[in-house]
Amino acid sequence: MKLSSKLPAVGATIFSEMTQLAQECGAINLSQGFPDFDPAPELQELVARFMREGCNQYAPMPGVAALRERIAEKTRELYGAAYDPEQEITVTAGATEAIYAAITAVVHPGDEAIVVEPAYDCYAPIVRLSGGVPVPIPLEYPSWRLNWEMLRNRLGPRTRLLLLNFPHNPTGAVLSAEDLEELAAMLRPTAVLVLSDEVYEHVVFDGLRHWGMSAHPELRARSFVVSSFAKTYHTTGWKVGYCLAPAELTRELRKVHQYIVFSVNTPIQHAYAAFLEDRRRYLELPAFYQRKRDLFLSLLEGSRFRPLACRGTYYLLLDYSRISDEPEGDFARRLTREYGVAAIPPSVFYQDRTDHRLLRFCFAKKEETLRAAAERLRPI
Ligand code: PMP
Ligand code: GLN
């Protein structure tokens with residue numbers, strides 16, 4: 001059978017590849033972004049309780065009502081934005097499904113979607129599957145700032161969607177209130193929609209706050225805002241996220257969502273709804289991860305790796321140009337095989353494989369894991 005691939009240039013993702021290599025080599029896996037510690041016992045107990053209490057059949061298509069209400073409350077308290085749980089909040093199978101449904105809902109064949117690079121790996125392939133054209137624009141290096149001039153120049157009559165992701169994976173860049181103003185002014189004369197992937201909304205450091213699209217009324221009106229409980233509650237394997245969007249956008253998103261999964265895991269939705277009532281659980285996250293970032297940085301002092309600034313997310317970029325001139329992918333694989341630490345080469349997040357001689361390390365790990373990894377990295 002001769003099959004014509006819809007994604008001929010795509011293989012297994014870098015996350016699968018590096019995690020598999022780490023397992024084969026017995027390396028410490030700081031590549032794929034997931035914690036090596038468990039979620040709170042209370043949250044696990046809640047899931048078990050809701051299972052025991054019979055919450056085991058299909059949830060409503062847009063999500064369990066109690067969970068959508070708690071999400072609405074949280075969004076109002078944190079960002080001053082009122083979303084109607086009935087018409088504007090949808091619970092999805094992780095952020096990934098929300099991103100897939102949003103892109104599929106609005107990108108028509110021939111539409112352009114601007115993708116800020118380095119870009120999380122799923123954006124461009126999903127745009128292509130919809131017949132759209134991903135248009136990459138790079139963050140400035142090494143400040144990782146958006147270049148407004150360049151962005152403005154890329155907006156054209158075919159631009160349908162702008163894909164943003166702040167706090168940004170893999171650079172740790174965050175947006176400021178001024179950035180939101182710039183963005184709103186730039187988009188004002190256009191009909192461009194925004195898909196804002198804010199899965200790291202609660203992982204922002206150094207006293208900074210998260211400025212997401214819902215904090216700005218004009219941007220809120222044209223945005224799908226996507227988040228996930230994976231990063232917030234140390235549950236990447238549970239795959240529950242959500243999408244906030246004005247009713248008109250949500251209607252279209254749900255048309256797609258209902259045919260991808262229809263609805264999401266019922267007992268876990270109930271458990272998150274109950275757990276969300278304790279605001280400390282997400283409000284303490286910046287301090288929790290900042291301690292890990294700072295520990296990892298202090299453990300790397302004296303090494304030839306040079307850290308870049310990390311203002312949010314749980315990833316740290318290390319410049320290895322004092323150690324080697326190998327391309328990122330080669331160095332990442334050699335580091336895993338020869339030194340026993342796996343990391344992600346950010347060049348895979350650029351369409352043209354821009355290579356700054358950096359590697360991304362996930363520090364959502366136990367202290368002992370970070371110490372063991374740093375011991376291997378320091379002498380290199
Ligand atoms: N977007 C970004 C930027 C991510 O880093 C990730 C990985 N957690 C996702 C989306 C996917 O989130 P989820 O696991 O909830 O699908
Ligand atoms: N978001 C995770 C990361 O950036 C990986 C998720 C996945 O494996 N698809 O590492």
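The chain is numbered in sequence order, starting from 1. Order of listing sets the numbers, starting from 1, for every ligand and every atom in it. These numbers come from the heavy atoms of this one structure, side chains and all, not from hydrogens, waters or symmetry mates.
Using a 4.0 angstrom heavy-atom cutoff, Lys231 counts as in contact with ligand 2. Within the 4.0 Å heavy-atom shell around ligand 2 one finds Asn169. No heavy atom of Phe34 sits closer than 4.0 Å to any atom of ligand 2.
Per-residue contacts place Tyr120 under 4.0 angstrom from the following atoms of ligand 2 (heavy atoms of the residue considered): 1 (N), 4 (O), 5 (C), 6 (C), 7 (C), 9 (N). The contact set between ligand 2 and Tyr315, taken as ligand atoms under 4.0 Å from a residue heavy atom, comprises 1 (N), 2 (C), 3 (C), 4 (O), 10 (O).
Checked by distance only, ligand 2 and Phe15 stay at 3.5 Å or farther apart across all their nitrogen or oxygen atoms.
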What verdict does the salt bridge (charged side-chain N to carboxylate O under 4.0 Å, His left out) test give for Glu338 and Arg334, after you've listed the backbone C-alpha separation in whole Å, the side-chain angles of each residue and the deciding distance to 0.1 Å? CA-CA 6 Å; Glu338 291 181 18; Arg334 192 161 71 81; 3.2 Å; yes

Side chain to side chain contact (heavy atoms under 4.5 Å, CB included) between Leu175 and Met213, intermediate numbers included: CA-CA 10 Å; Leu175 290 182; Met213 298 305 122; 3.8 Å; yes

Determine, step by step, whether Thr235 and Tyr272 satisfy the side chain to side chain donor-acceptor pair (under 3.5 Å) criterion, reporting the C-alpha distance in whole Å, the side-chain angles of both residues, the deciding distance to 0.1 Å, and the verdict. CA-CA 11 Å; Thr235 49; Tyr272 282 140; 2.7 Å; yes

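A cation-pi contact, defined as under 6.0 Å to the ring centre and within 45° of the axis, is absent between Arg152 and Trp148. Taking the ring axis of Phe229 as reference, the NZ or CZ atom of Lys239 does not stay both within 45° of it and closer than 6.0 Å to the ring centre.
In this structure, atom 8 (O) of ligand 2 lies nearest to the protein heavy atom Gln32 NE2, 2.7 Å.
When each of His216, Glu201, Lys74 is tested with Tyr79 by the rule side chain to side chain donor-acceptor pair (under 3.5 Å), just one qualifies, namely Glu201.
Phe288 has its ring centre less than 6.0 Å from the ring centre of Phe37.
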N/O contact list for ligand 1, threshold under 3.5 Å:
unit_1   : atom_1 : unit_2 : atom_2 : d
ligand 1 : 1 (N)  : Asp197 : OD1    : 3.4
ligand 1 : 1 (N)  : Asp197 : OD2    : 2.5
ligand 1 : 5 (O)  : Asn169 : ND2    : 2.8
ligand 1 : 5 (O)  : Tyr200 : OH     : 2.6
ligand 1 : 8 (N)  : Lys231 : NZ     : 2.2
ligand 1 : 14 (O) : Lys239 : NZ     : 3.1
ligand 1 : 15 (O) : Ala95  : N      : 2.8
ligand 1 : 15 (O) : Ser228 : OG     : 2.6
ligand 1 : 16 (O) : Ala95  : N      : 3.1
ligand 1 : 16 (O) : Thr96  : N      : 2.9
ligand 1 : 16 (O) : Thr96  : OG1    : 2.6
ligand 1 : 16 (O) : Lys239 : NZ     : 2.7

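The hydrophobic cluster containing Tyr100 also contains Ile103, counting ILVMFWY residues as joined when their side-chain heavy atoms lie under 4.5 angstrom apart, directly or transitively.
Salt bridge present: Arg357 and Asp355 bring a charged side-chain N and a carboxylate O closer than 4.0 Å.
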